[in-house]
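I have placed the structure first, in the form of C-alpha cells, so that the comments after it can refer back to it.
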Amino acid sequence: MLPAKLKKELQRDVRASEHPREKAVDVMYAVQRHYGYLSDEGLAEAASLLGMSELELEELATFYDYIYRRPVGRFVLHVCDGVVCWMCHEGWACLAEEESIVTYLCARLGVEVGQTTPDGMFTVLPSACIGYCEYAPAMLVNGKPYGPLTPQSLDKVLDELRNQPPGHLVLDR
Amino acid sequence: MSEKVLLQNRRPDRPATLEEYRASGGYQALAKVLGEMQPHELTQAVLDSGLKGRGGAGFPTGRKWSFLRADAPHPRYIIPNTDEMEPGTFKDRILVGCDPHQIIEGTILAGYANQAQRAIIFIRPSYEPEAELFEREFSRARDEGLLGENILGSGFDFDIALHRSAGRYICGEASAQVRAIQGERPRPDKEGHMTDSGLWGRPTIVNNVETLACLPHILRNGPDWFKGLAVSKGGAGTKLFGVSGMVAKPDCYELPIGTPLREIIFEHAGGMKGGAFKACLPGGASTKLLAPKDLDVAMDFEALAAIGHRLGTGAIIVFDEGACLVSACLNLVTFFARESCGWCTPCREGLPYMRHLLLKIELGEADEGCIDRLGELAKAMDHSYCGFAPGAAAPVIGLLENFRDELLEHVAQGCCPFKGN
C-alpha cells in the first residue's frame, strides 16, 4: 500500500489537473519510486488514482523504457548502444567480437541485458540513444550520465556504486 | 568566427541566469511584441524570416502557424518538443542547458502569435537535469511577470508546464507526442490536422525547441537580419550542428545555415580522430549515409535535398575508414526495429526483416539476392503510416547507393572484411 501522505499528494496533483490522464506518467514514476519498481499492487493503485483501468495503464507501463514492471537493482544502468557509442570504443580491445560496451558491461556483471545482478545491486536495461553522443560511449546510472567510458573508467564507476551507502540514490529513472 | 546567436550565452559550467539572458537582450522581443504587435504581424515576421523547423522535417515555421484558423477555438496549445531521442542528436540538451530563458521567451512568443493559453514542454527522461532547470526558471519568469497572468501588464495570459516522458523514440513524432501527453499509448495519429484538433481535441502547434529559440532574435533584430545570418542563398539563420563519432572534438557547434559539411567536420570539430573520413550521416540517424564525394555540400535544407539527402536535425555522425558500414546500419536498424511502435505492418514487420538481411550480410551468409531484397524492402518503407519507417530505411538506402562495394565484399569474402584487423 502507498503511504497515506504520498497517496494524498498524488490525489491532489491528479485533481488539480484539468485532464487527470495527463498525470499518468508522473503518477507511475511516483509509485515506482516508492516500490522501487511498478509492482502489480502499485499499478492497481496508480490506475485507481488516475481513474483509468489497470489494463489502460498497463498498456502505457509496458510501452515505456523508464517504467519498470519488474523489480530492478539499486542501480539501473542504461548503457547506450546507439550508433555513436557503438563506434567510439577506443581502447576496448577486449571487445573485438561484438564491439559494444553493453557486451563488456554485461560480462563484468555476469548478467544479460534485462537482468539484475544476484546481489540486487545492478540492472542493465536496453537503451535507446541516451543523448550524450559527445561523451560517447556513455551510460546513465539512475539518470546520471557518465562518459566517455573506457573499460577502466567503467570498472571504477561500478566500484564506486558498489560502495555507495544504502538508500543513497533514488530509483526513479 | 561566425556570429553566435543561440549559444551566445554558453558557459563551460552552468546555464545562463535570467539576469544574464536579459543583459544579452533577452525579453526585449517579448516587451516589444506585446506592446506593439498584433499576433498576425508576428506570424508574418516569422514567415518573412524564412525560419524552418529545426526538429528534422524543416517545414517553414510561419506556414505551420498559418494553418491555424483565425476562428479556431480556445484553449490552444503550444508544445515545445524536447524529446530528441534519435541517435547522434543532442543539440536540444545543450541549448536548454546553456540558456533556458531563450526557449521560455520563444515559447511565449509562439503562444502570443497563435493566441494560445498554455504550453507543455515535452522532455525525455535522460534530460532530467534540464527538466529541473526548466521548472526552476519557469518560476523565476513568473516572479518577474514574464510568464503567467497579464504578462508584462499586457493583458496576455500564458503559462508553461512540463511533461516528463517515460521514454520512447516515437514520442518525438508530433501526433504521437500529443497522445503521450494525453496518457494514451503513443503512436502517430494522422486522422486530422494538429492545428484543428491536437491536444485534447484543441488547436495545437508542436515546434522543436531550437526553432522556438530563434524567435526572440528574429523579432528583436528583424527577419532580414535573420536571413543574413545564413551563408547560403535562400537559407536563413544559424543552425546547431551536433557533431559526434570519430572526430577529434565532438560537440555542438552553432554555425550559419549553409556552412559546408567539410568545414564543420575538419575545422570546427577538429577533423578526424585518427583514421580517414569514410562516411557520415549528415542529419541524424534517419538520414542517408553520405560518401566523401559529397563532403562539400552546403549544410542547408535545399542543398542537401538537391543531392538526395536531408538536413534533418543537423546531427552529423562521422565514421572513419575502420568502421564497417554494414554493422553500423545493422546497429541503426536494430535501434529502429526495437523502437517501432508497431502500429503499422511495413514498419513492424519490415524493419526486423531488414535487420535479418543486414545480419546475414554482415555474417557473410548472404548472396547478392539478399542485397537486392534489402533494397526492395528499404523502398517499401515509404508505404508505412508515418515517417518513422522511411527514416529508419534512410541509412540503408545510403549504404546501397554509395557503399554497394562494401556490401558485395561481405558477400564475396563470406565474412565481414573489417573483423579481425
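Throughout, protein chains are lettered first and strands after them, A, B, ... in sequence-line order, and every chain is numbered starting at 1.
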Considering only NZ, NE, NH1 and NH2 on the basic side and carboxylate oxygens on the acidic side, decide whether B:Arg202 and A:Glu18 come within less than 4.0 Å.
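No, this pair does not count.
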Quick one: are [X] and [Y] in side-chain contact, heavy atoms under 4.5 Å?
X        : Y        : value
A:Tyr64  : B:Cys171 : yes
B:Gln182 : A:Glu22  : no
B:Cys252 : A:Glu134 : no
B:Asp320 : A:Met87  : no
B:Ser126 : A:Tyr66  : yes
A:Asp65  : B:Arg124 : no
A:Cys129 : B:Met85  : no

Using non-hydrogen atoms only, which part of A:Pro145 is less than 4.5 Å away from chain B: side chain, backbone, both, or neither?
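Contact with chain B involves no heavy atom of A:Pro145 at all.
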Please state whether the side chain, the backbone, both or neither of A:Met28 comes within less than 4.5 Å of a heavy atom of chain B.
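For A:Met28, no heavy atom lies under 4.5 Å from chain B.
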Please classify the contact of [X] with chain A as side chain, backbone, both or neither, using a heavy-atom distance under 4.5 Å.
X        : answer
B:Arg118 : side chain
B:Ala315 : neither
B:Ile181 : both
B:Val318 : backbone
B:Leu199 : neither
B:Tyr169 : neither

Look at the side chain of B:Asn331 and the backbone N and O of A:Trp86, then say whether any donor-acceptor pair between them is shorter than 3.5 Å.
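Such a contact is absent between B:Asn331 side chain and A:Trp86 backbone.
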Between B:Arg185 and A:Phe63 (side chain of the first, backbone of the second, donor and acceptor by atom type, cut-off under 3.5 Å), is there such a pair?
no
Heavy-atom pair count under 4.5 Å with chain B, highest-scoring of A:Ala136, A:Gly82, A:Cys133
A:Cys133
Considering only heavy atoms and a distance below 4.5 Å, find which of A:Leu140, A:Val83, A:Val84 pairs most often with chain B.
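Most heavy-atom pairs within the cutoff with chain B belong to A:Val83.
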Heavy-atom pair with the smallest gap, counting every atom of [X] and [Y]:
X        : Y        : result
B:Lys273 : A:Cys88  : NZ-SG, 4.3 Å
B:Gly183 : A:Ala24  : CA-CB, 4.3 Å
A:Ala128 : B:Glu339 : CB-OE2, 3.8 Å

Among the options [options], pick out the one with the most heavy-atom pairs lying under 4.5 Å from chain A.
options                                : answer
B:Ala323, B:Gly342, B:Ala328           : B:Ala328
B:Gly242, B:Pro250, B:Ala285, B:Pro186 : B:Pro186
B:Ala166, B:Cys341, B:Ser244           : B:Ala166

When the ring planes of A:His19 and B:Trp200 are compared, do they come out parallel, tilted or perpendicular, using 30° and 60° as the limits?
parallel
Within the supplied structure, the quantity of interest is the number of heavy atoms (other residues, nucleotides, ligands) at a distance under 6.0 Å from A:Tyr135 OH; does it exceed 12?
no
Please report the interatomic distance CD(A:Glu59) to CD(B:Glu184), rounded to the nearest 0.5 Å.
9.0 Å
Can you measure from CD1 (A:Ile130) to CZ (B:Phe90) and round to the nearest 0.5 angstrom?
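Rounded to the nearest 0.5 Å, the CD1-CZ separation comes to 12.5 Å.
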Face-on cation placement of B:Arg93 at A:Tyr132 ring, 6.0 Å and 45° thresholds
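The answer is yes, since B:Arg93 meets both limits relative to A:Tyr132.
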